[in-house]
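Numbering starts at 1 and runs along the sequence shown.
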Amino acid sequence: MELKIGVIGTGAIGKEHIERIATKIGGAKVTAVNDIFAQSAQEVAQKYGATYFSDPKELVNSDQVDAVLIASSDATHADFAIMAIEAGKYVFVEKPLAPTVEEAQRVIDAEVKHGKKLVQVGFMRRYDRDYNDMKNAIKGGKIGDPLMLHCAHRNAHSDTNATTEMSITGSVIHELDVLRWLLEEDYKNVQVVFPKSTRNTLEGMKDPQIVMIETQSGVRIDIESYVNCQYGYDIQCEVVGETGIVKLPDPAKVVYRLAGQKSTEIIADWDKRFIEAYDIEVTAWVNDVKKGEVNGPTAWDGYLATAAASAAVKSISTGTVVDVTVPIAKPAIYN
Ligand code: ISE
């Protein structure tokens, strides 16, 4: 059976996923699209032979749609996810599940009420081979117990509507999920500190920022978030253990020896840096949905990442160390 997917949000990542489903993933088809910008969705509908829906609720409830993929703006994720849950449809929600804990909790409540997992959150780094190699190394005890992590999340340029807080809820949210997954432990507290700001940031936006986390067992993590670094897209992660270190490699790129210099290209943006992880992620989601399962990052994972992001956002304004609090106990459907 071919899985009929309805996509809400036909901006950058929505278009990437639609192209991916059309060209790389067998057994699935984008049948319906919606976007707040009608023209964008209409163009995509025409290009891929999908139906354009002006109303996202109609798309979700249409019998042309077996499962929903949400790639709209962050603030709309929770409402659309709840719509899909209420329609009893599997739903892939791009990260973050929601920018605030309250909204994320509404998704959890809806899913618990439905009684079974339907949501997968788009934390594609969990599908990246190098992060998986690091996880296996840590799990296998190769570097002893992890003690410290040094990470960087650098984008060449922020979006034109970006804010200091959005660097956390929209970008560092990836680290907040993948590091918890990597270490298999939860966070205790977080503090955000600010170095001198770059002149290349937006008016009123502080950039870079350093997010410092303490985990439950006392591992210390520092994440440099620098979303206007100008030079490219650069993701770094180094885990320092008791007996060794494991570190993300630079993505494989050819080395030039030219004009008296040895050089390697730095990938310009996230879609290319994690292209393989996105392909594996969406393929796995399609296959799981066809089996009636959710095996990727759940709404609970999305909720915990948002809880940590909210503590970091609070620290941006207070400057203090903020405890990462999780207001509800883990519902049984996530065990
Ligand atoms: C973007 O939305 C992503 O998800 C990228 O992975 C991230 O690095 C970037 O900062 C976000 O804006």
Side-chain angles (χ1 to χ4, degrees), residues 7-18 33-44 54 56 69-81 92-104 106-107 121-125 152-177 192 194-211 223-235 267-274 278 302 305-317:
V7 177
I8 302 179
T10 55
I13 187 69
K15 283 202 182 95
E16 293 266 340
H17 285 322
I18 291 168
V33 291
N34 160 269
D35 193 281
I36 184 151
F37 300 108
Q39 200 187 331
S40 157
Q42 281 159 353
E43 283 167 12
V44 169
S54 58
L69 188 151
I70 298 170
S72 49
S73 58
D74 295 358
T76 64
H77 288 182
D79 282 344
F80 291 144
F92 179 98
V93 188
E94 258 309 335
K95 43 55 60 177
L97 177 60
T100 66
V101 182
E102 293 71 26
E103 291 164 277
R106 286 200 293 113
V107 181
V121 181
F123 288 129
M124 80 297 179
R125 290 194 195 176
H153 187 143
R154 303 194 187 114
N155 291 75
H157 309 286
S158 59
D159 289 344
T160 48
N161 65 343
T163 64
T164 311
E165 291 75 15
M166 279 160 66
S167 297
I168 305 288
T169 59
S171 298
V172 173
I173 195 85
H174 281 295
E175 274 78 13
L176 296 175
D177 176 68
V192 179
F194 292 95
K196 182 175 173 180
S197 256
T198 170
R199 279 172 294 188
N200 297 311
T201 188
L202 307 177
E203 177 86 34
M205 178 188 185
K206 288 190 192 167
D207 186 44
Q209 46 188 309
I210 302 169
V211 181
I223 307 163
E224 173 204 309
S225 159
Y226 186 13
V227 297
N228 288 287
C229 79
Q230 309 294 300
Y231 71 84
Y233 185 70
D234 198 4
I235 300 301
I267 293 174
D269 220 338
W270 44 268
D271 51 343
K272 305 288 176 297
R273 167 66 178 82
F274 284 109
Y278 281 119
T306 295
S310 296
V313 166
K314 188 162 176 204
S315 180
I316 287 176
S317 58

Asks: Check whether any side-chain heavy atom of Glu94 sits under 4.5 Å from a side-chain heavy atom of Ile70, and report yes or no.
Replies: no
Asks: Report the distance from atom NE2 of His157 to atom CG of Leu202, rounding to the nearest 0.5 Å.
Replies: 11.5 Å
Asks: If every non-hydrogen atom of Met205 is compared with every non-hydrogen atom of Ser167, which pair is closest and at what distance?
Replies: CE-OG, 3.5 Å
Asks: Using a 3.5 Å distance criterion without hydrogens, assess whether the side chain of Asp35 forms a donor-acceptor pair with backbone atoms of Phe37.
Replies: yes
Asks: Measuring from His17:NE2 to Thr10:OG1, what's the distance to the nearest 0.5 Å?
Replies: 13.0 Å
Asks: Check Ile8 against Pro56 and note the closest heavy-atom contact, atom names and distance.
Replies: CD1-CB, 4.0 Å
Asks: For a 4.5 angstrom cut-off between non-hydrogen side-chain atoms, does Val227 reach Met166?
Replies: no
Asks: What's the separation between atom NE2 in His174 and atom NZ in Lys95, rounded to the nearest 0.5 Å?
Replies: 4.0 Å
Asks: Nearest 0.5 Å please: distance from the CD atom of Glu103 over to the OG1 atom of Thr76.
Replies: 9.5 Å
Asks: Begin from the C-alpha positions of Ile223 and Ile210 and carry the test side-chain contact (heavy atoms from CB on, under 4.5 Å) through to its verdict.
Replies: CA-CA 6 Å; Ile223 307 163; Ile210 302 169; over 6 Å; no
Asks: Do Ile168 and Gln209 come within less than 4.5 Å of each other through their side chains, counting heavy atoms only?
Replies: yes
Asks: With side-chain contact (heavy atoms from CB on, under 4.5 Å) as the criterion, how do Asn200 and Gln230 come out once you've worked through the C-alpha distance, each side chain's angles and the decisive distance to 0.1 Å?
Replies: CA-CA 8 Å; Asn200 297 311; Gln230 309 294 300; 3.2 Å; yes
Asks: Between Asn228 and Asp207, does any side-chain donor sit less than 3.5 Å from a side-chain acceptor?
Replies: yes
Asks: Would you call Val121 and Phe92 a side-chain contact if the rule is heavy atoms closer than 4.5 Å?
Replies: no
Asks: Evaluate the side-chain proximity of Ile235 to Trp270: yes if any heavy-atom separation is below 4.5 Å, no if none is.
Replies: no
Asks: Show the nearest heavy-atom pair for residues Ser310 and Pro99, with the distance to one decimal.
Replies: OG-O, 4.4 Å
Asks: Would you check, one step at a time, whether the test side-chain contact (heavy atoms from CB on, under 4.5 Å) holds for Lys272 with Tyr233?
Replies: CA-CA 9 Å; Lys272 305 288 176 297; Tyr233 185 70; over 6 Å; no
Asks: To check you understand the geometry: which heavy-atom pair defines the closest contact between Cys229 and Gly232, and what is its length?
Replies: SG-O, 3.3 Å
Asks: Roughly how far, to the nearest 0.5 Å, is the OH atom of Tyr226 from the OG1 atom of Thr201?
Replies: 9.0 Å
Asks: With the side chain counted from C-beta on, respond yes when Ser40 and Lys15 share a heavy-atom pair under 4.5 Å apart, and no when they do not.
Replies: yes
Asks: Quick check for you: to the nearest 0.5 Å, what is the distance between Asp234 atom CG and Arg273 atom CZ?
Replies: 8.5 Å
Asks: So do Ile173 and Asp177 actually touch side chain to side chain, heavy atoms under 4.5 Å?
Replies: no
Asks: Answer whether the closest heavy-atom distance between the side chains of Val313 and Thr169 falls below 4.5 Å.
Replies: yes
Asks: Looking at Arg106 and Asp79, is any side-chain nitrogen of the basic one under 4.0 Å from a carboxylate oxygen of the acidic one?
Replies: yes
Asks: So, the side chain of His77 versus the backbone of Ser72: is there a donor-acceptor pair under 3.5 Å, distance only?
Replies: yes
Asks: Determine yes or no for a side-chain-to-main-chain donor-acceptor pair under 3.5 angstrom, with Glu224 supplying the side chain and His153 the backbone.
Replies: no
Asks: Please assess Glu16 against Tyr278 for the test side-chain contact (heavy atoms from CB on, under 4.5 Å), listing each intermediate value before the final yes or no.
Replies: CA-CA 9 Å; Glu16 293 266 340; Tyr278 281 119; 5.8 Å; no
Asks: Which atom names give the shortest non-hydrogen contact between Val192 and Ala312, and what distance separates them?
Replies: CG2-O, 3.5 Å
Asks: Donor-acceptor pair, Thr306 side chain versus Val101 backbone, under 3.5 Å?
Replies: no
Asks: Indicate the atoms forming the closest heavy-atom contact of Pro208 with Pro195, along with that distance.
Replies: O-CD, 3.5 Å
